[in-house]
Each structure stands twice: as C-alpha cells, then as structure tokens.
Amino acid sequence: MAGLAVNVDHVATLRQARGADYPEPIAAACLAELGGADGIVVHLREDRRHIHDRDVHLLRQIVQTKLILEMAATDEMLGIAQKIKPDLVTLVPEKREELTTEGGLDVITHSASVARAIDTLQASDIPVSIFIDPDENQIQKAKEIKADMIEIHTGIFCDAESIRQRELAFDNIVKSAKMAHGLGLGVNAGHGLNYTSIKAFKGLMEIDEFSIGHSIVARAVMVGMQAAVREMATLIKEL
Ligand code: PXP
C-alpha cells in the first residue's frame with residue numbers, strides 16, 4: 001500500500017505573505033501526522049521564500065514519522081542536510097523565478113554534480129531520491145549514479161489539457177514506475193496531485209509514496225489540516 005508524504009511549504013507561504021509568525025508549519029506537520037501522514041516534506045529553497053532554516057531544525061525535532069527535505073544539489077544545502085540528517089533528501093531543480101518546481105531534475109545533463117551530491121549524502125547515511133520526469137533515460141541514469149529512489153514528476157499528467165495528453169502522460173508514469181521498480185529503485189510520485197487526480201493511480205502498486213502539498217493545504221483552509229490529510233490518506237489507501 002502506498003503512503004502519503006504531506007508537504008507543508010504552503011503553510012509557510014501564508015506566514016511569509018504577511019511577514020507574520022503564523023500560521024506555524026510545525027503545528028501543521030503535527031496535525032498532518034495526526035491525520036495519517038506517513039511523512040512530512042519541506043523544500044528549503046535558496047531564497048528562503050517559504051520554509052526557513054528554523055522550520056527545518058524544529059521539524060527534525062518534532063516529526064514522528066519521517067522528515068523529507070527537498071533541496072537543490074548545492075554545497076550550502078548539502079551542508080545543511082548533513083547537519084539536520086533528514087530521513088530522506090529529494091534532490092530537485094531550482095530556479096529563482098519559478099512559482100514552484102517546474103520539472104524534473106535533468107540527471108543526464110547534471111550527472112556529475114548530482115552524483116557528487118548523492119555520494120556526499122549517502123556517506124552521511126542519508127538516503128537520496130531524485131525528482132525526475134517520467135523518462136526511461138533519466139531513470140537509467142538515476143540508477144547508474146546510485147540514487148536510492150526516484151520521485152516521478154506527475155505535473156505533466158496533472159496539467160494535461162486534453163484527454164489524449166493526459167492518457168499519454170499517465171502511460172509514461174506507469175512505464176516509468178514499473179521500470180524504476182524493476183531496477184530496484186524506490187518509487188515516489190508527486191506534483192500537482194489533488195483529490196480527483198489521485199484516483200487515476202488505482203492498481204499501480206509500484207508507487208511507494210505520494211508527495212502532496214498544495215491541494216491538501218488548500219483543502220485544510222476549508223476543513224482543517226487533520227481532516228484534509230485524513231481524506232487524502234483514505235483515498236490513497238483505496239488505490
Ligand atoms: N514533489 C516535489 C519534488 C515538489 O517540488 C513539490 C512541490 O513543492 C511536490 C512534490 C508537491 O507538489 P504539490 O504542492 O503540487 O502537491
């Protein structure tokens with residue numbers, strides 16, 4: 001059965017929108033765990049636009065499930081990860097001007113720097129996932145450079161503008177999940193998933209965990225964090 005990792009970045013986004021000290025992403029993480037989250041995810045960006053260093057330090061102390069740190073493969077972030085020791089690091093591409101992560105990390109173009117980051121993290125006993133597009137060559141390269149897991153970028157599927165595009169995108173996700181699983185890689189998936197699109201994954205048993213943020217935090221505004229997480233966790237259990 002697949003798990004649910006809840007990304008609380010957008011709780012921090014709301015806090016930063018007013019430069020206030022609330023809402024508190026740490027409290028959101030506790031409520032997410034009470035609602036059935038199997039892990040808590042935060043992306044510490046170079047520009048610190050939402051999650052701050054203090055959040056990651058506090059989360060390391062209070063998260064009872066597992067703490068997943070999304071980050072770019074930079075020296076600064078590698079140093080922070082080595083100190084915090086999250087349960088998993090997910091390496092993502094990062095552009096200053098993007099609203100959110102826009103696509104998978106191109107591990108073919110950046111194989112040397114990504115391989116170095118993987119070695120550094122694994123030497124500190126931190127397993128590493130790489131966020132990549134559902135593409136055979138990217139998966140092969142992720143395996144070659146010894147990633148522990150991949151996270152399949154589901155954004156292309158979630159943003160598809162026609163049924164045909166959506167079907168093609170989903171086909172790629174299925175092929176990628178099966179290929180990565182066959183190579184012995186762990187398989188996570190995420191980006192853009194919501195309470196409707198998650199249902200498409202019924203029967204795709206190769207996915208270990210879904211990483212979901214925006215749709216859950218958006219629903220939490222209406223029904224509360226614990227209830228929003230519980231609803232998504234239940235949908236995932238039914239897959
Ligand atoms: N996975 C990765 C690698 C991401 O960068 C994000 C967005 O922060 C997510 C999953 C979650 O995406 P969403 O907020 O659209 O659910």
Side-chain angles (χ1 to χ4, degrees), residues 2-14 16 25 28-29 32 37-52 55-56 59 66-73 77 81 86 88-107 110 114 117 127-135 138 142 147-160 169 173 176-177 180 186-201 207-221 225 228-229 231-233 235-236:
L4 168 62
V6 175
N7 181 316
V8 296
D9 289 353
H10 288 311
V11 179
T13 301
L14 194 54
Q16 297 316 120
D38 300 293
I40 301 297
V41 190
V42 284
H43 183 177
L44 185 65
R45 297 184 76 104
E46 183 201 11
D47 63 10
R48 309 297 199 270
R49 68 171 72 156
H50 40 50
I51 291 293
H52 290 180
D55 302 325
V56 188
L59 285 169
K66 59 182 187 259
L67 177 63
I68 301 164
L69 179 63
E70 282 181 17
M71 56 175 236
M77 289 301 153
L88 178 72
V89 159
T90 301
L91 295 174
V92 298
E94 202 173 293
K95 286 194 229 131
R96 271 187 173 246
E97 62 281 7
E98 68 193 355
L99 274 180
T100 178
T101 315
E102 282 173 353
L105 184 57
D106 182 348
V107 280
H110 303 290
V114 179
V128 186
S129 174
I130 316 181
F131 182 59
I132 52 176
D133 288 336
D135 174 279
Q138 295 287 339
D148 298 285
M149 313 192 68
I150 59 161
E151 180 179 327
I152 298 175
H153 178 219
T154 52
I156 305 157
F157 160 69
C158 295
D159 297 340
I173 292 174
S176 300
V187 186
N188 293 341
H191 210 282
L193 294 169
N194 62 30
Y195 294 80
T196 306
S197 54
I198 192 71
K199 294 176 187 160
F201 290 79
I207 295 186
D208 296 303
E209 196 160 78
F210 293 95
S211 175
I212 307 181
H214 182 261
S215 62
I216 292 178
V217 174
R219 186 159 297 206
V221 172
M225 190 70 184
V229 171
E231 226 181 296
M232 185 62 87
L235 289 174
I236 290 174

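In each ligand, atom 1 is the first atom listed, and ligand 1 is the first ligand listed. These numbers come from the heavy atoms of this one structure, side chains and all, not from hydrogens, waters or symmetry mates. All values derive from a computational prediction rather than experimental measurement.
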Which ligand 1 atoms are under 4.0 Å away from a heavy-atom of G192? 12 (O), 13 (P), 15 (O), 16 (O)

May I ask you to list the atoms of ligand 1 that are less than 4.0 angstrom from any heavy atom of V92? 3 (C)

D208 side-chain N/O to V187 backbone N/O, donor-acceptor pair under 3.5 Å: yes

Okay, side chain of Q138, backbone of V107: is any donor-acceptor separation there less than 3.5 Å? yes

Considering distance alone, does some N or O of [X] sit under 3.5 Å from an N or O of ligand 1?
{"X": "I212", "value": "no"}
{"X": "L193", "value": "no"}
{"X": "E70", "value": "yes"}

Using a heavy-atom cut-off of under 4.0 Å, does the side chain or the backbone of E151 touch ligand 1, or both, or neither? side chain

Checking heavy atoms under 4.0 Å, the part of H43 that sits near ligand 1 is neither

If I take atom CZ from residue F210 and atom OG1 from residue T154, how far apart are they, to the nearest 0.5 angstrom? 8.5 Å

Once rounded to the nearest 0.5 Å, what's the spacing between atom CD1 of I207 and atom CD of E151? 10.0 Å

Are the side chains of I156 and P134 in contact, using a 4.5 Å heavy-atom criterion? yes

Can you find a pair of side-chain heavy atoms, one from T90 and one from N188, that are under 4.5 Å apart? no

Does at least one non-hydrogen atom of N7 fall below 4.0 angstrom from an atom of ligand 1? yes

How far is [atom] from its nearest protein heavy atom, and which residue and atom is that?
{"atom": "atom 5 (O) of ligand 1", "answer": "T101 OG1, 2.9 Å"}
{"atom": "atom 16 (O) of ligand 1", "answer": "G213 N, 2.8 Å"}
{"atom": "atom 14 (O) of ligand 1", "answer": "H214 N, 2.9 Å"}
{"atom": "atom 12 (O) of ligand 1", "answer": "H191 CA, 3.5 Å"}
{"atom": "atom 11 (C) of ligand 1", "answer": "S211 O, 3.8 Å"}

What pair of heavy atoms forms the shortest contact from F131 to P93, and how long is it? CD2-CD, 4.2 Å

Under the rule for side-chain hydrogen bond (donor to acceptor under 3.5 Å, both in side chains), what residues qualify as partners of T13, not counting sequence neighbours? H10

Mind checking side-chain hydrogen bond (donor to acceptor under 3.5 Å, both in side chains) for N194 and listing every partner two or more places apart, or none if nothing turns up? S197

